[in-house]
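By convention in this document, chain letters (A, B, ...) are assigned in the order of the sequence lines, proteins followed by strands, and residues within each chain are numbered from 1. Given the structure is predicted, the values throughout are model-derived calculations rather than measurements.
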2 protein chains.
Amino acid sequence: MATIKEIAKKAGVGVGTVSRYLNNHPYVSDDKRIKIKKAIDELNYTPSAIATQLRSNSTKNIGVLVSRFANPFFAELFDAIERKLNQFGYQVLVSQTHDDSAAEQRFLDQLKNKQVDGVILASVENHQLVEKFAKSYPNKIVLLNEENKDNNIPSIVLNHYQATMNGLEYLYQKGHRNFSYITGGDYDNKHHGYSRTKAFQDFLKTHQLSINNKWVFSQQHTALDGQKIAQDLMIDSRKLPDAVFTNSDEVAIGLINELQKNGIHVPKDIAIVGYDDQPFARFAEVPLTTIRQPINAMANKAVDILLKNLTDSNIDENITEQDLKLKLIIRKSA
Amino acid sequence: MATIKEIAKKAGVGVGTVSRYLNNHPYVSDDKRIKIKKAIDELNYTPSAIATQLRSNSTKNIGVLVSRFANPFFAELFDAIERKLNQFGYQVLVSQTHDDSAAEQRFLDQLKNKQVDGVILASVENHQLVEKFAKSYPNKIVLLNEENKDNNIPSIVLNHYQATMNGLEYLYQKGHRNFSYITGGDYDNKHHGYSRTKAFQDFLKTHQLSINNKWVFSQQHTALDGQKIAQDLMIDSRKLPDAVFTNSDEVAIGLINELQKNGIHVPKDIAIVGYDDQPFARFAEVPLTTIRQPINAMANKAVDILLKNLTDSNIDENITEQDLKLKLIIRKSA
DNA sequence: AGCTCATATGGAATCGATTCCATATGTAAA
DNA sequence: TTTACATATGGAATCGATTCCATATGAGCT
């Protein structure tokens, strides 16, 4: 592959002039323009992005981290993020953690070794690690759907507490009193998805309900997990919960499938509420009652904030608080 | 951020020695090792990936192109590709075309400007363009589920012709004679998904069946598309096809949903066959009869071939022809 | 003592583009 | 005619890491 030096030589000009030509600098005469263009065409030259990146100390690459692509929520979210970043001329480097915090570490190291200008974290394993990086690289990190205690990292935070509460109150008002709860995080831990869990705990307290510990499930993500939970619940078939609040539509769908396979009808025997309103939620064997996350607004907002912080330019933020509202979608499963 | 020069100065050694230390070169004495380590820790130094890339003329980045992330087939496929590339220490730069060939051009330009060492194309818009790049960069391109005429680009090609034929023969044997066909490509064009379409055309010929042109749909991708097709089919409600062969589970699901909403029962009134066996297919309101693509094997094979071509090393290919078989999964929709 | 070879080290050259500096020419204003 | 400023250009210095080259020391062998 040709270099700028070869172009300069072939066109009979200096490298500076070629560089000015490439970057549309005004001070290049028409006759040199023509010669340079000819040389570039003949040698089929394209500037090395790497060399430009080294010199300019910026890559036009953004890193995006999710936990698992096979989760349709993240797939859709990423789809929207990628489209928007592409509009602004950025490339996207992407990683998934699959719950492995070493992968997160490797991902964040890309900030340190300058492979990316900034990152969007749609999933956080190790909050301490992220706090540490945020201290070294303020303005280069945006959290999406992940809170941080001290609130010192730019974040897109939706009101999951309220949304969860709404979902639970809906179930309560329908007469349900024996709840099961499924989270993707830990039930006691202050991190991932905690505001949802906190809402559940507060809900129990408010209504003076007790909870069977065997009906609380942590670290559940997939439809397969949901099926296993169904089997767990059915071990003691004399006593089943009458409502299940889940953290994800995937889990809800596996759960419903396995329950119905065993003659337990949803929502007649058990009501189930999902989370996300993933695209297939409406097409499931029992269309899901679920909490919709405004994916497009979330993605656009995250990109807006990151690019604004990176460039100091005022990309107009046309995403409002209203756009970022979670909403209970009532279908058939509860 | 510190540079290697500052480390050298602080440790009282030459830059060469620091570099040798970083790259585990043997000729570094123990006392300098200690001094260098101390300097690195104190300055919190990490080598610039960009500088290394420039010097070494390689990035350890692989580009992956898909048409649309929100399509669960691609999301799953990408999930597997990313995991495997990560295992081998590669980062992944990803783009989606959303049917826009300009995006494909921009993506491929990354080969030319050296931002990626190689690419996996799981979706091709403009075959001529790809052929051109393949000529300039043999060994750096792998096609996944996309054929090329002259067969000169490394490709993972499954037998979609046979799989489609199997699906159609299954429907024929069940007594269906009036077919509708839905493709994501063009019905006449020789490109995207053509071997499936060819199978359909041959199938019609073999059984001397005629086809109503209004029952052929091209460029259909989403559940929404499927719903619209249902409406199209129902315009003339006196005469409906008795079987629909689709190119994707997403389309099938939208189609089924809209038909049943209008009192047309699947599979009693119309049989429908999907494609992909996306994770959700088994959980749909009518569990889908569909053709399963062996996603993991496909992803692993694509990465194996690409890395083998890039490094000349013999990464052992443990994916066999058998692993790459498509399979008709019979459920309830046909 | 003289020779060879492994071990060790510093620093210049290099990768390829950008930018600054020195310099030259042309033209309008004083 | 002198001054001033816009236009135009070549090339050295720079970004940060790697590698080659020159050189030095010490051990082992004859």
Side-chain angles (χ1 to χ4, degrees), chain A residues 1-40 43-61 89 91 109-117, chain B residues 1-40 43-61 89 91 109-117:
Chain A
M1 194 57 205
T3 70
I4 201 171
K5 229 169 161 175
E6 299 172 53
I7 299 297
K9 196 166 163 196
K10 181 135 189 162
V13 303
V15 290
T17 305
V18 177
S19 176
R20 278 183 289 264
Y21 169 87
L22 290 170
N23 295 285
N24 292 312
H25 194 284
Y27 295 169
V28 180
S29 63
D30 284 346
D31 64 326
K32 309 234 155 166
R33 280 211 137 77
I34 292 165
K35 283 186 200 159
I36 293 169
K37 178 159 180 15
K38 190 155 162 272
I40 287 178
L43 296 182
N44 187 26
Y45 166 79
T46 301
S48 153
I50 304 295
T52 305
Q53 285 171 16
L54 176 60
R55 184 57 223 245
S56 70
N57 196 29
S58 108
T59 60
K60 282 270 184 175
N61 288 161
Q91 324 264 34
D109 281 340
Q110 295 180 124
L111 268 179
K112 214 175 163 189
N113 69 27
K114 307 269 195 69
Q115 287 207 87
V116 296
D117 293 349
Chain B
M1 193 58 202
T3 70
I4 201 173
K5 227 168 163 176
E6 298 172 53
I7 300 297
K9 195 166 164 194
K10 181 137 191 161
V13 303
V15 290
T17 305
V18 178
S19 176
R20 279 183 289 265
Y21 168 88
L22 290 169
N23 296 285
N24 291 314
H25 193 283
Y27 293 168
V28 180
S29 64
D30 284 347
D31 64 327
K32 308 236 157 167
R33 279 212 138 73
I34 293 164
K35 282 185 202 159
I36 292 169
K37 177 161 180 16
K38 189 155 161 271
I40 287 177
L43 296 182
N44 188 26
Y45 166 78
T46 300
S48 153
I50 304 295
T52 305
Q53 286 171 17
L54 177 61
R55 185 57 224 241
S56 70
N57 197 29
S58 107
T59 60
K60 282 268 185 177
N61 287 160
Q91 324 266 33
D109 281 339
Q110 294 179 125
L111 268 179
K112 213 175 165 189
N113 69 28
K114 308 271 196 63
Q115 287 206 87
V116 295
D117 293 350

Reckon A:Ser19 touches a base, only the sugar-phosphate, or nothing at all at heavy-atom distances under 4.0 Å?
base

Counting the atoms with a prime plus P, OP1 and OP2 as sugar-phosphate, which does A:Asn23 contact under 4.0 Å by heavy atoms, base, sugar-phosphate, or nothing?
sugar-phosphate

Heavy-atom nearest nucleotide on DNA chain C taken for B:Val15 and for B:Leu54; more 5' hit belongs to B:Val15

Let me spell it out: for each of A:Val28 and A:Ala51, pick the nucleotide of DNA chain D with the closest heavy atom. Which residue's pick is nearer the 5' end?
A:Val28

Determine whether a donor-acceptor pair (N or O, by modelled atom type, separation under 3.5 Å) exists between the side chain of A:Asn23 and the backbone of A:His25.
no

Classify the nucleic acid contact of A:Val18 as base, sugar-phosphate or nothing, counting any heavy atom under 4.0 Å across all strands shown.
nothing

The criterion is salt bridge (charged side-chain N to carboxylate O under 4.0 Å, His left out); which residues satisfy it with A:Lys60, sequence neighbours excluded?
none

With nearest nucleotide decided by heavy atoms, which residue, B:Thr17 or B:Arg55, maps closer to the 5′ end of DNA chain C?
B:Thr17

Which of these passes side-chain contact (heavy atoms from CB on, under 4.5 Å) with A:Pro47: A:Leu22, A:Thr3, A:Ile4?
A:Leu22

Span of DNA chain C in contact with chain A (heavy atoms, under 4.0 Å)
C:dG16 to C:dC20

Evaluation steps, side chain to side chain contact (heavy atoms under 4.5 Å, CB included), between B:Ile36 and B:Val13:
CA-CA 8 Å; B:Ile36 292 169; B:Val13 303; 4.1 Å; yes

With sugar-phosphate meaning primed atoms plus P, OP1 and OP2, does A:Tyr21 contact a base, only sugar-phosphate, or nothing at under 4.0 Å between heavy atoms?
nothing

Helical bend (five base pairs per end, nearest 10°) for the helix from C:dA1-D:dT30 to C:dA30-D:dT1
50°

